[in-house]
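Below: the structure, in structure tokens.
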Amino acid sequence: MIKDKLKSVVETAVQKAIAAGKLGALSALSTPIVIEKPRLAEHGDLACGVALKLASAVRSSPLKIAEAIAADISVPEIDVSRFEVAAPGFINFRLGTGWLCESLKEISKLGADFGRSNLGAGQKVLVEYVSANPTGDLHIGHGRGAVYGSCLSNLLAFTGHEVEQEFYINDTGEQIAQLGRCAWACYQRKLGQTVDYPEGGYPEVSIVQFIETVIGKQGDQHLNLSAAEGEQKLAELTKEVIIDWQRKLLLQLKIEFNCWYSELSLHERGAVEAVLEQFSQRGMSYESEGALWLKAKELGDERDRVLKKSAGNTTYLAADAAYHLDKFKRGYDRLITIWGADHHGQVPGLKAAVEALGQDPEKLEVILTQIVNLQRDGQMVRMSKRMGTVVTLDEVMEEVGADAVRYYLAESNPQNPINFDLELAKQTSRENPAFYIQYAHARCCAILRRALEPTPNAESGRAEQPLLSPEQWAEYLKEYQSNASVFEPLFDLDSHVFIHQKSLIMRLQDFCEEVEEAMLARMPGRLARYAYDVANDLQRFYESCRVITSEPDVTKARLGLIVATRQVLANVLGIIGVSAPERM
RNA sequence: GCGCCCGUAGCUCAGUGGAUAGAGCCCCCGCCUUCUAAGCGGGUUGUCGUUGGUUCGAAUCCAACCGGGCGCGCCA
């Protein structure tokens, strides 16, 4: 990559300058060399600010240092057409077309693997997310966690990690008992019985569709059960229906888990009791007021936490400790747990529990996602669970489509609350980035079709022969991958056109770096915005420059650029899980 | 009261210690004989919540304060 190359060029120059005693008392490079893209075009294509960072160590002005370094820089003209020192001490480089062509060749060669890295090679990561209770609908907040977790997983996989995705099902305990009471009542009512619906439970509107499914499958055969048996039976049946429904809904969002991990299974095989025993053996728990407590305060929590209540049942924390211990034992190098921000109070407790069990809490990364406000035309959509006016995730998907849901939920940073505008998400214009990016991909496809498929003549109406035969096209594709100079004719002498051509290619080349940065920052949303930038650069190129021209070499080179652009768009859309349509 | 997150253009938001803080929307002006105008170009818009500190350099790091959200249970 050109940045790496320039970095080592500058590094060599600095070493030379040091050896020649031009950098005062400095004996070794004290700061990493960073090559960055200047904001302003007049500052060149790439720049290095190392002289500014060295100023205090060298005890000289950044400008003089930059000049000393620049005097020792040597680069082939094919890489850099020129470079200069600018105040207050930057060294600015202008790229030659050779490197731009080299980038396009690289993209063509790597194809779907362009941008992939091995940063995470050998790292096994478990990403746990969604983990909604199987007691009703999913809402847009679950959707956010789901999309974020999925994008992050894709991104980790794309950067070489071995990724597994897991959904933790809270399929036991008080919320399931409550589901049982509501489901049993709803079941009886649907089958013509007059019974009261439990007060303060899950709203009937939110579970009735699942009860209908249960009745559809099993009819009224459970109607004669006692209340206790009925509640248990209906809890079991409804839970399964809901889990199945959640699975199908998430699948529509292109989210598929390697494992749906049952909390109940932890209890059934004694893992929760076992973990309590471990706390005790390690001297990390004690009894007080009839309950069993974790010494969480010793490990950074604000106070101790109850593991087992005086009533004899275990807390959520106890099961979570058992679950996370199981994760550690399964041998992952890193555990990522994604929770809604309303659970942030539990993070120190979980970390303490993990540490108390002798595991490294540093390996456990808890990422919190903030709330999603639903809007319509800029107006807040008011929701109340009690009033039954909650807009569910499936309703949003129904209205705006899975791609728009994914894009908007993927685009933001998880720690920021977001406004999701239903009307905006449906728009088919530039205002809607999801649409705009897909449109750019479709436009690339349209140009390629134009060159490769017969098109009807505007005047005669007869189909004209395509510009290129399949054989010629196959030959072109081979050349794109093997010969960088095939791209050289694409550039225009007119600097207004050239700027757009260069911007697009440099943007495509940026993908690798964007991927790595997004992964390290755990912000897949950056790639969504990057995709928008690619789309924008493509549009500008398209407006200023024709791809299919009367000159075969130029056409060949520009078709190569379109293929590369389409490829990068497809790769980035793949990570954020938005489809890349060929026509719109 | 304590803890976590947030505060950047009229609105929605980017901005990982570097050059003159950016994009979209909104508003105004241009542009369709030409590969998708579902578009493009140009113009206007700022006490980066406030005050201090660190630094050659701060929207970015530190401290205090102000404003908003969330959490502080033997609930899940």
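Every chain is numbered from 1 and lettered A, B, ... according to where its sequence line falls, protein lines coming before strand lines. Because only heavy atoms are used, hydrogens play no part in the values below, and waters and symmetry mates are left out as well, while side chains stay in.
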[X] and [Y]: side chain donor to acceptor below 3.5 Å:
X      : Y      : answer
A:N170 : A:Q175 : no
A:T337 : A:H324 : yes
A:D537 : A:S503 : no
A:D137 : A:S206 : no
A:T555 : A:T549 : yes

Check your understanding: Under the criterion side chain to side chain contact (heavy atoms under 4.5 Å, CB included), which of A:V578, A:L573, A:I576 is the partner of A:R406?
Key ->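 By the side chain to side chain contact (heavy atoms under 4.5 Å, CB included) criterion, A:R406 pairs with just one of A:V578, A:L573, A:I576: A:V578.
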
Review point. Which dot-bracket notation, 5' to 3', represents the base pairing of RNA chain B when pairs are defined as Watson-Crick or G-U with both distances under 3.5 Å, crossing pairs as [ ], and inter-strand pairs as |?
Key: (((((((..((((....[...)))).(((((.......))))).....(((((..]....))))))))))))....

Any side-chain N or O of [X] less than 4.0 Å from the OP1 or OP2 oxygen of [N]?
X      : N     : value
A:Y532 : B:G22 : no
A:N419 : B:C11 : no
A:N416 : B:A14 : yes

List the atom pairs, donor and acceptor, that lie under 3.5 Å between side-chain atoms in residues 443-453 of chain A and the rest of the protein, sequence neighbours left out.
unit_1 : atom_1 : unit_2 : atom_2 : d
A:R443 : NH1    : A:Q539 : OE1    : 2.1
A:R443 : NH2    : A:Y439 : OH     : 3.3
A:R449 : NH1    : A:E582 : O      : 3.0

Point to revise | Syn or anti for B:C32 (syn when the glycosidic angle lies within 90° of 0) | key: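 In terms of base orientation relative to the sugar, B:C32 is syn.
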
Point to revise | Qualifying side-chain hydrogen bond (donor to acceptor under 3.5 Å, both in side chains) pairs with a residue from residues 523-534 of chain A, counting only residues at least two apart or across chains | key: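 Found A:R430-A:Y532.
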
Review point. Side chain of A:S131, backbone of A:Y168: donor and acceptor closer than 3.5 Å?
Key: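 The answer is yes, because a donor-acceptor pair under 3.5 Å joins these two groups.
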
[X] [atom1] - [N] [atom2] separation (whole Å):
X      : N     : atom1 : atom2 : answer
A:R529 : B:U16 : CZ    : P     : 11 Å
A:M519 : B:U16 : CE    : P     : 18 Å
A:N413 : B:U12 : CG    : P     : 17 Å
A:D301 : B:C2  : CG    : C1'   : 13 Å
A:L368 : B:G3  : CG    : C1'   : 13 Å
A:I418 : B:G24 : CD1   : P     : 21 Å
A:K297 : B:G3  : NZ    : P     : 13 Å
A:D533 : B:C13 : CG    : C1'   : 13 Å

Give me the distance, rounded to whole Å, that separates [N] from [M] when you measure between the [atom1] atoms they each carry.
N     : M     : atom1 : answer
B:U45 : B:G24 : P     : 16 Å
B:G10 : B:C6  : P     : 22 Å
B:G17 : B:C48 : C1'   : 15 Å
B:A63 : B:U54 : P     : 15 Å
B:C2  : B:G18 : P     : 34 Å
B:G49 : B:A59 : C1'   : 12 Å
B:C5  : B:G41 : C1'   : 40 Å
B:A9  : B:G46 : P     : 10 Å

Looking across every strand, which nucleic acid part, if any, lies under 4.0 Å from [X] by heavy atom: base, sugar-phosphate, or nothing?
X      : result
A:A47  : base
A:Q370 : sugar-phosphate
A:N92  : base

**Study point:** Per-nucleotide protein contact string for nucleotides 71-76 of chain B, where B marks a base within reach and S marks sugar-phosphate only (heavy atoms under 4.0 Å, - for neither)
**Key:** SSSBSB

Check your understanding: Going 5' to 3' along nucleotides 30-37 of chain B, which nucleotides have protein heavy atoms under 4.0 Å from the base (write B), which only from the sugar-phosphate (write S), and which from neither (write -)?
Key -> ----BBBS

Atom pairs and distances, donor-acceptor, side-chain atoms in residues 511-522 of chain A, under 3.5 Å, two or more places apart:
unit_1 : atom_1 : unit_2 : atom_2 : d
A:E513 : OE1    : A:K3   : NZ     : 2.7
A:E513 : OE2    : A:K3   : NZ     : 3.0
A:R522 : NE     : A:E365 : OE2    : 2.7
A:R522 : NH1    : A:M519 : O      : 3.0
A:R522 : NH2    : A:E365 : OE1    : 3.1

**Study point:** Residue from A:F420, A:F435, A:Y148 passing ring pair (Phe, Tyr, Trp, His ring centres under 6.0 Å) with A:Y408
**Key:**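 Among the candidates, only A:F420 passes.
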
Point to revise | Heavy-atom pair with the smallest gap, counting every atom of A:L299 and A:A352 | key: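 Minimum heavy-atom separation between A:L299 and A:A352: CD1-O, 3.3 Å.
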
Exercise for review: May I ask you to say whether A:E423 pairs ionically with A:K426, meaning some side-chain N is under 4.0 Å from a carboxylate O?
Suggested key: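 So A:E423 pairs with A:K426 through a salt bridge.
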
Practice item. Check if the side chain of A:K53 and the base of B:G17 share a donor-acceptor pair of N or O atoms closer than 3.5 Å. Key: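 No, no donor-acceptor pair under 3.5 Å.
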
Exercise for review: Over 60° means perpendicular and under 30° means parallel, so classify the ring planes of A:F167 and A:W260, tilted if in between.
Suggested key: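 Parallel: the ring planes of A:W260 and A:F167 meet at under 30°.
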
Point to revise | First encountered from the 5' end of RNA chain B, between A:A86 and A:P62 | key: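 Per heavy-atom nearest nucleotide, the more 5' residue is A:A86.
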
